[in-house]
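Note sheet for the following structure.
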Protein chains: 2
Amino acid sequence: MNGQSVSVKDVAQRANVAVGTVSNVLNHPERVAEEKRKRVLAAIRELGFVRNDAARQLRAGRSRTIGLIVLDVGNPFFTSVARAAEDAAAETGSAVVLGNSGQDEDRESHYIDLFEEQRVQGLLISPVGDVSDRVMALRDRGVPAVLVDRIADPTLFSSVSVDDTVGGYLAARHLLELGRRRLAFIGGPDSIRQVHDRRLGAERAVAETPGAGMEVFEEKELTVLAGRAAGDRLAARSKAERPDGIFCANDLLALGVMQSLTMLRDLRIPDDVALIGYDDIDFASSAVVPLSSIRQPTRLLGQTAVELLAEEISHPDKHRQVVYEPELVARASTVGA
Amino acid sequence: MNGQSVSVKDVAQRANVAVGTVSNVLNHPERVAEEKRKRVLAAIRELGFVRNDAARQLRAGRSRTIGLIVLDVGNPFFTSVARAAEDAAAETGSAVVLGNSGQDEDRESHYIDLFEEQRVQGLLISPVGDVSDRVMALRDRGVPAVLVDRIADPTLFSSVSVDDTVGGYLAARHLLELGRRRLAFIGGPDSIRQVHDRRLGAERAVAETPGAGMEVFEEKELTVLAGRAAGDRLAARSKAERPDGIFCANDLLALGVMQSLTMLRDLRIPDDVALIGYDDIDFASSAVVPLSSIRQPTRLLGQTAVELLAEEISHPDKHRQVVYEPELVARASTVGA
DNA sequence: ACGTCACAGTGAAACGATTCAACAAGTCGA
DNA sequence: TCGACTTGTTGAATCGTTTCACTGTGACGT
């Protein structure tokens, strides 16, 4: 009905009290006598008053939001982290606003600017490139940041991440414990840190096991199609030369390999070849042969990121590196039905 | 270095100009003489000044953000819509902040409150329940809204959506044009509007085709596992009783059916049975047999939502219903390799 | 009867960017 | 030389909320 915005002043007028009292009803109800409080609340309802957040922030000098910049909103890993961060922030009355960099440094930079203008309480960021300079400048201006899914220089920042070498180790050891000795690692570009670390972890497990070996294949992409191509190459080999355990750097690759082995050739999983992926995406459990995988504690990541940010706010010069360990999820593709 | 926030006043002092001039450098550079502009910009750089968005908004009475509330950030349909909306909003200098209701009315309500306090320019929402009352109250207070993926009462709101009956029609007609006559529709709970409409559309196509018929199966969930169960039942039938064309209400169901038919039984797709899904998720194209599907114009949805919102802002009493048609994506699962 | 307290309530000041009426200085034409 | 006009600059007022020093009132103890 009314076009204009209703302010505390209007409410105060209507309820016949001072503006300060209206504010107290909103923020310190215990300081206001029962009767006036009721009158104020009634006025608020009648006028449809809604707090103006911009004015609050301006006065407070700080907003109640936390900025989160992720590499890819389409990636379930990040949406899960985001949801957990949201929940954790909600506990302290903060809200999380999400920015999607899409692996693009310009967009990332743009969101950093936006969030700084909004005077967010802090920034959670899974950086595209090297953002140390920008992030340090931010902190000098009073906006702390926590790196997500990346380990930071402990003297500079706090960070939360998951140890990919442990994940790789778990996957490979799982295959080895099942008696497999001729392993294959199917990865993507080794320049991707995650791929690199997973391979390293797997190699460590293999080195610990006498008589075991592992071939490494480097695909161009971490996709189903790339996995299928790799699978085709392996399946074409003779039984003696074929690996009996395959560890893929992510689930997409693994699903591609599975398609290739089971459909096009007639190999049985896990009898002929045991197969394990990484990430435990939704599809892993509903594959033709449910796929074993390595699950990352995404919710814990998001929650911890928010906690670390709170610590950074209270102790700007203390930093902490939290590294979680991923978890093995054994399904039929390794242990059978 | 400095703990305090730097304001225009500080910049003005440093550059030896008035605050108004600093503001003009930022917002109307052409009004400021070359020399002073340079001095101001230098001061901004030296002091690390960053605009305080809260103060801007307060003065402007309106923020530069648009609120978007989606049912599920994990759903690629919505993330795609969100990204398109983001891009469209960026063109007009606005930013989109994303809220995830997760199908929960309380969370939805919470985000509506939050966005209203933030005085967003407007709200894009794919509502959980019936939000007409809340949304109308919002509009009365000057915050327009556009419904996404739902048709609104044209006298009340604007909306963008996709016509699911057309999608169903396209899918069924495609199968019919390939000569299939014994169709099956595998759906989920018919209470879900999308499922219901897709079935209706398919039935229309069948009714238009002499000699064609369609069985309807109602699964409990729209998942791969439910699809596999349905596939098992169909595959167990004799060739004469088995459908020769299957339309699934979404791609997950279709992938389940595909697993069942090709792996467990030995039916060929599309020779023995043609199969088409709905949504065209990423996995559809990389399935063992690339899956035909119906693609929704998600980017167009997001873009149009932003445009409609702009219209609502300029003409609050005019509403428009935009309904898009989905598109057939024919792949090997119907037309072969 | 008087000082001390606790409690409610008041309203001006502050947060920081933007706007705008007012003014200054310079240019041009007559 | 004067007025008309252009161009650049100034700084007070404004947005809506919260804070806080202050006032008013009544209860209580001595």
Side-chain angles (χ1 to χ4, degrees), chain A residues 2-41 43-44 47-64 93 113-114 116-120 141-143, chain B residues 2-41 43-44 47-64 93 116-120 141-143:
Chain A
N2 75 64
Q4 312 315 322
S5 200
V6 181
S7 78
V8 274
K9 210 182 282 182
D10 303 315
V11 174
Q13 210 154 39
R14 173 90 166 212
N16 247 314
V17 298
V19 290
T21 304
V22 175
S23 175
N24 279 332
V25 168
L26 261 24
N27 303 296
H28 309 279
E30 76 285 357
R31 290 189 197 161
V32 180
E34 176 76 9
E35 189 232 357
K36 292 214 173 183
R37 190 170 58 227
K38 277 190 179 160
R39 248 172 38 217
V40 170
L41 290 173
I44 287 177
L47 297 175
F49 166 78
V50 176
R51 262 200 188 87
N52 183 323
D53 201 51
R56 293 187 85 187
Q57 280 183 213
L58 175 57
R59 182 64 237 242
R62 176 132 308 241
S63 79
R64 294 165 307 133
D113 289 342
L114 183 69
E116 187 173 8
E117 289 192 3
Q118 299 192 352
R119 299 291 192 274
V120 292
R141 289 189 229 110
V143 181
Chain B
N2 74 66
Q4 312 314 321
S5 200
V6 180
S7 78
V8 274
K9 210 183 282 181
D10 303 316
V11 174
Q13 213 154 36
R14 172 90 168 210
N16 248 312
V17 298
V19 290
T21 303
V22 176
S23 175
N24 280 331
V25 169
L26 261 24
N27 303 296
H28 310 279
E30 75 286 357
R31 290 191 197 158
V32 180
E34 176 76 6
E35 191 234 353
K36 293 215 171 185
R37 189 169 60 226
K38 277 189 180 161
R39 242 166 52 210
V40 170
L41 289 174
I44 288 177
L47 298 175
F49 167 79
V50 176
R51 264 202 189 84
N52 184 323
D53 201 51
R56 295 186 82 186
Q57 280 183 212
L58 175 57
R59 182 65 236 251
R62 176 134 307 248
S63 78
R64 294 166 305 135
E116 187 173 8
E117 289 192 1
Q118 299 193 358
R119 299 292 191 275
V120 292
R141 291 189 228 108
V143 181

**Prompt:** So what does B:Val32 touch, heavy atoms closer than 4.0 Å: a base, only the sugar-phosphate, or nothing?
**Reply:**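 Sugar-phosphate only.
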**Asked** Which part of the nucleic acid, if any, lies within reach of A:Val17 when heavy atoms closer than 4.0 Å are counted: base, sugar-phosphate only, or nothing?
**Response**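 Sugar-phosphate only.
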Between [N] ([atom2]) and [X] ([atom1]): distance, integer Å:
X       : N      : atom1 : atom2 : value
B:Asp53 : C:dG16 : CG    : C1'   : 11 Å
A:Gln57 : C:dG16 : CD    : P     : 13 Å
A:Arg39 : C:dG9  : CZ    : C1'   : 11 Å
A:Glu30 : C:dA8  : CD    : C1'   : 12 Å

**Request:** Would you tell me if any nitrogen or oxygen in the side chain of A:Lys36 comes within less than 4.0 Å of OP1 or OP2 on C:dT10?
**Result:** yes
**Phosphate-side-chain proximity, A:Arg119 and C:dC15, N/O vs OP1/OP2 below 4.0 Å** = no
**Request:** Sort and list the pairs that fulfil salt bridge (Lys or Arg N to Asp or Glu O under 4.0 Å) and have at least one residue in residues 16-27 of chain B, not counting sequence neighbours.
**Result:** none
Donor-acceptor contacts, no H, no angles, side chain residues 28-35 of chain B, under 3.5 Å, sequence neighbours left out:
residue, atom, partner, partner atom, Å
B:Glu34, OE1, B:Arg37, NH2, 2.8
B:Glu35, OE2, B:Arg39, NH1, 3.3

I'd like a table of donor-acceptor pairs (distance under 3.5 Å, sequence neighbours excluded) in which one partner is a side-chain atom from residues 47-56 of chain B, with atom names and distances.
residue, atom, partner, partner atom, Å
B:Arg51, NH2, B:Asn27, OD1, 3.0
B:Asn52, OD1, B:Ala54, N, 2.8
B:Asn52, OD1, B:Ala55, N, 3.3
B:Asp53, OD1, B:Arg64, NH2, 2.7

**Request:** Map B:Ala60 and B:Ala33 onto DNA chain D by nearest heavy atom, then report which one ends up closer to the 5' terminus.
**Result:**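 Looking at DNA chain D, the more 5' nearest nucleotide goes with B:Ala33.
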Considering only nitrogen or oxygen atoms on both sides, find all protein atoms under 3.5 Å from nucleotides 5-7 of chain C and state each distance.
none

Name all residues meeting the side chain to side chain donor-acceptor pair (under 3.5 Å) criterion together with [X]; count only those two or more places apart in sequence or in a different chain, and write none if there are none.
X        : answer
A:Arg59  : none
B:Thr21  : none
A:Arg62  : none
A:Asp113 : A:Arg134

**Request:** Indicate the atoms forming the closest heavy-atom contact of B:Ala15 with B:Ala43, along with that distance.
**Result:** CB-CB, 4.0 Å
Show each protein N/O and nucleotides 26-28 of chain C N/O combination with a separation under 3.5 Å, one pair to a line.
none

**Request:** Determine whether B:Ser23 and B:Leu26 make a side-chain contact, defined as any pair of heavy atoms from C-beta on separated by less than 4.5 Å.
**Result:**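 No, too far: nothing below the 4.5 Å cut-off.
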**Request:** Tell me, please, the opening and closing nucleotides of DNA chain D, 5' to 3', among those with an atom under 4.0 angstrom from a non-hydrogen atom of chain A.
**Result:**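 So the contact region on DNA chain D extends D:dG16 to D:dT19.
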**Message:** Could you work out how much the helix from C:dA1-D:dT30 to C:dA30-D:dT1 bends, comparing the axis of its first five pairs with that of its last five, to 10°?
**Reply:** 50°
**Asked** What distance separates B:Arg119 CZ from B:Gln57 CD, expressed to the nearest 0.5 Å?
**Response**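 So the CZ of B:Arg119 and the CD of B:Gln57 are separated by 10.0 Å.
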Each nucleotide N or O in nucleotides 19-22 of chain C that has a protein N or O under 3.5 Å away: list the pair and distance.
residue, atom, partner, partner atom, Å
C:dT19, O4', B:Arg59, NH1, 3.4

